[in-house]
Amino acid sequence: MTASIVGWAHTPFGKFDTETVESLVTRVANEALADAGVSASDVDEIVLGHFNAGFSPQDFTASLVLQADPKLRFKPATRVENACATGSAAVHQGLRAIAAGAAKIVLVVGVEQMTRTPGPEIGKNLLKASYLPEDGDTVGGFAGVFGKIASSYFQKYGDQSDALALIAAKNHKNGVANPFAQMRKDFGFDFCRAESEKNPYVAGPLKRTDCSLVSDGAAALVLADAATAKTMSKSIGFRATAHAQDFLPMSKRDILQFEGCTVAWQRALEKAGVTLSDLSFVETHDCFTVAELIEYEAMGLTPKGQGARAIKEGWTLKDGKLPVNPSGGLKAKGHPIGATGVSMHVMTAMQLAGQAPEGMQLKNAKLGGIFNMGGAAVANYVSVLEPLK
């Protein structure tokens with residue numbers, strides 16, 4: 001690839017009454033530039049990932065990044081959106097600008113502020129990432145959509161409640177070591193498995209511990225072309241990227257296959273010249289635990305219908321053969337929609353640079369994979385990263 005990550009920044013994810021979209025954006029923009037050792041005047045292009053869909057009354061947000069530094073004034077700035085994969089869409093857009101020769105340095109920011117929105121409105125906003133003629137009246141909002149997917153999976157392959165609880169417990173345990181995570185608590189398998197007052201069923205077989213968090217937060221990356229990256233103190237290269245967009249209506253596809261996820265992984269691994277077994281770890285899109293379960297199959301880790309093996313046999317634990325979500329994933333880290341994809345790239349870059357927080361850092365991480373998904377396996381983005389210095 002023609003570009004590398006040379007700097008990054010990440011706010012904690014959580015509920016922040018004193019923050020705004022603007023304050024989150026300007027904070028990570030300045031911190032990422034400082035981390036890269038790049039002046040705002042050297043930035044050639046800005047890409048902002050911001051889903052919004054009603055979460056923020058300010059819906060024209062690309063220029064908010066300019067508030068970080070007066071030297072960013074008159075730089076090209078564009079907001080991109082692709083549902084829950086908005087952050088990765090922003091990253092990939094920045095890569096295209098560099099590949100086209102239009103930019104040498106690109107500032108990519110992802111942001112969302114969700115927690116100021118009343119609960120019923122949150123559900124309505126998130127449902128905008130589904131096909132409204134079919135899913136617009138789904139009880140439980142987007143959780144209801146994935147509740148239906150989980151129910152269909154259970155019907156076809158048997159009750160997977162143990163596997164889902166193991167995935168939730170794994171990701172919460174991993175999140176304890178991540179200072180950026182919204183929920184740093186090891187709940188354990190028993191709590192995640194059992195229905196209780198604190199862990200009620202939300203939609204279908206999905207309990208509260210199966211669902212990612214409503215979050216505020218932001219993350220940012222500085223991308224540089226190959227020549228510029230060689231002059232930087234750190235450089236995490238893109239070995240490959242892929243983006244596969246699928247039909248929006250679930251009725252037009254087999255939703256239990258996550259075919260777009262499979263296609264994106266196959267394209268990226270082929271471009272990278274590696275296999276899944278060559279990866280040191282993966283950060284994958286666990287908006288709901290059933291999504292991570294199906295993604296095991298879609299990425300090729302297990303055959304169809306056997307995703308439970310990967311978690312039950314410990315393959316995806318931190319010390320397993322393919323650690324998945326060492327950051328805690330969306331489940332523990334949080335899921336501020338527009339920030340998530342950028343966050344996944346930051347977490348992966350930190351691992352590969354050997355700069356992940358103590359307890360979260362994996363040993364000898366050489367190749368990291370990222371899968372970020374928008375909607376129910378509609379927008380599918382994969383990145384394969386490697387350290388260049």
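Sequence positions, counted from 1, serve as the residue numbers for this chain.
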Discussion item. Under a 3.5 Å threshold, yes or no: a donor from one side chain and an acceptor from the other, between H285 and N372?
Written reply: yes
Worksheet entry | Pair S327-E283, side-chain donor/acceptor within less than 3.5 Å | yes
Item to complete: Just grab all the side chain to side chain donor-acceptor pair (under 3.5 Å) pairs involving residues 357-368, residues at least two apart or on different chains.
Response: Q351-Q361
Worksheet entry | K234/D35 ion pair, N-O < 4.0 Å | yes
Worksheet entry | Connected hydrophobic set around F13, excluding itself, where side chains approach under 4.5 Å | none
Discussion item. Can you list, by chain and residue number, the hydrophobic cluster partners of L24 when the side-chain cut-off is 4.5 Å?
Written reply: V6, V21, V25, V28, L33, V38, V43, I46, L48, L64, V65, L66, L72, I105, L107, V109, V111, V222, M232
Response to the item:
Across all chains, not counting sequence neighbours, the ring-ring contact (aromatic ring centres under 6.0 Å, His included) partners of F180 are H10
Worksheet entry | side-chain hydrogen bond (donor to acceptor under 3.5 Å, both in side chains) against T348, all qualifying residues, sequence neighbours excluded | none
Item to complete: Please identify each residue that fulfils ring-ring contact (aromatic ring centres under 6.0 Å, His included) with F281, with sequence neighbours left out.
Response: none
Fill in: Heavy-atom side-chain contact between K198 and F191 under 4.5 Å
yes
Worksheet item: Judged by modelled atom types alone, do E134 and S251 share a side-chain donor-acceptor pair under 3.5 Å?
Response: yes
Fill in: Side-chain heavy-atom pair K170, I311 within 4.5 angstrom cut-off
yes
Worksheet item: With a 3.5 Å cut-off and no angle check, do the side chains of T61 and H50 form a donor-acceptor pair?
Response: yes
Discussion item. Looking at K75, I want to see if its NZ is surrounded by more than 12 non-hydrogen atoms of other residues, nucleotides or ligands under 6.0 Å.
Written reply: yes
Worksheet item: Which residues, ordered by chain and number, are linked to F74 in its hydrophobic cluster, where ILVMFWY side chains connect at heavy-atom gaps below 4.5 Å, directly or through other members?
Response: none
Worksheet item: After noting the C-alpha distance and the side-chain angles of T115 and D216, does the key distance pass the side chain to side chain donor-acceptor pair (under 3.5 Å) rule?
Response: CA-CA 6 Å; T115 66; D216 305 332; 2.6 Å; yes
Discussion item. Taking the basic N atoms (NZ, or NE/NH1/NH2) and the acidic carboxylate oxygens, is any pair closer than 4.0 Å for R79 and D59?
Written reply: yes
Discussion item. Under 3.5 Å, is there a donor on one side chain and an acceptor on the other for N199 and S196?
Written reply: no
Discussion item. Using the side-chain hydrogen bond (donor to acceptor under 3.5 Å, both in side chains) criterion, which residues pair with T275? Sequence neighbours excluded.
Written reply: S277, D278
Discussion item. Using the side-chain contact (heavy atoms from CB on, under 4.5 Å) criterion, which residues pair with K124? Sequence neighbours excluded.
Written reply: E121
Response to the item:
Joining Ile, Leu, Val, Met, Phe, Trp and Tyr whenever any side-chain heavy atoms lie under 4.5 Å apart, the cluster holding V139 also takes in none
Worksheet item: Does the side chain of S235 pick up a donor-acceptor pair with the side chain of K230 at under 3.5 Å?
Response: no
Worksheet item: Could D17 and K15 be called an ion pair, given the rule that one side-chain N must be under 4.0 Å from one carboxylate O?
Response: yes
Discussion item. If the condition is side-chain contact (heavy atoms from CB on, under 4.5 Å), which residues does A310 pass it with, not counting sequence neighbours?
Written reply: Y296, L301, T302, W315, T316
Practice prompt. Would you tell me whether N82 and Q245 have side-chain atoms, one donor and one acceptor, within less than 3.5 Å of each other?
Written response: yes
Discussion item. Taking K331 first and then E292, would you say they form a salt bridge - that is, a charged N and a carboxylate O separated by under 4.0 Å?
Written reply: no
Discussion item. Please determine whether side-chain contact (heavy atoms from CB on, under 4.5 Å) holds for the pair K104 and I98, giving the CA-CA distance in whole Å, both sets of side-chain angles, and the decisive distance to 0.1 Å.
Written reply: CA-CA 6 Å; K104 292 184 177 181; I98 291 173; over 6 Å; no
Item to complete: Sort and list the pairs that fulfil side chain to side chain donor-acceptor pair (under 3.5 Å) and have at least one residue in residues 147-166, not counting sequence neighbours.
Response: Y153-E297, D159-S161, D162-R193
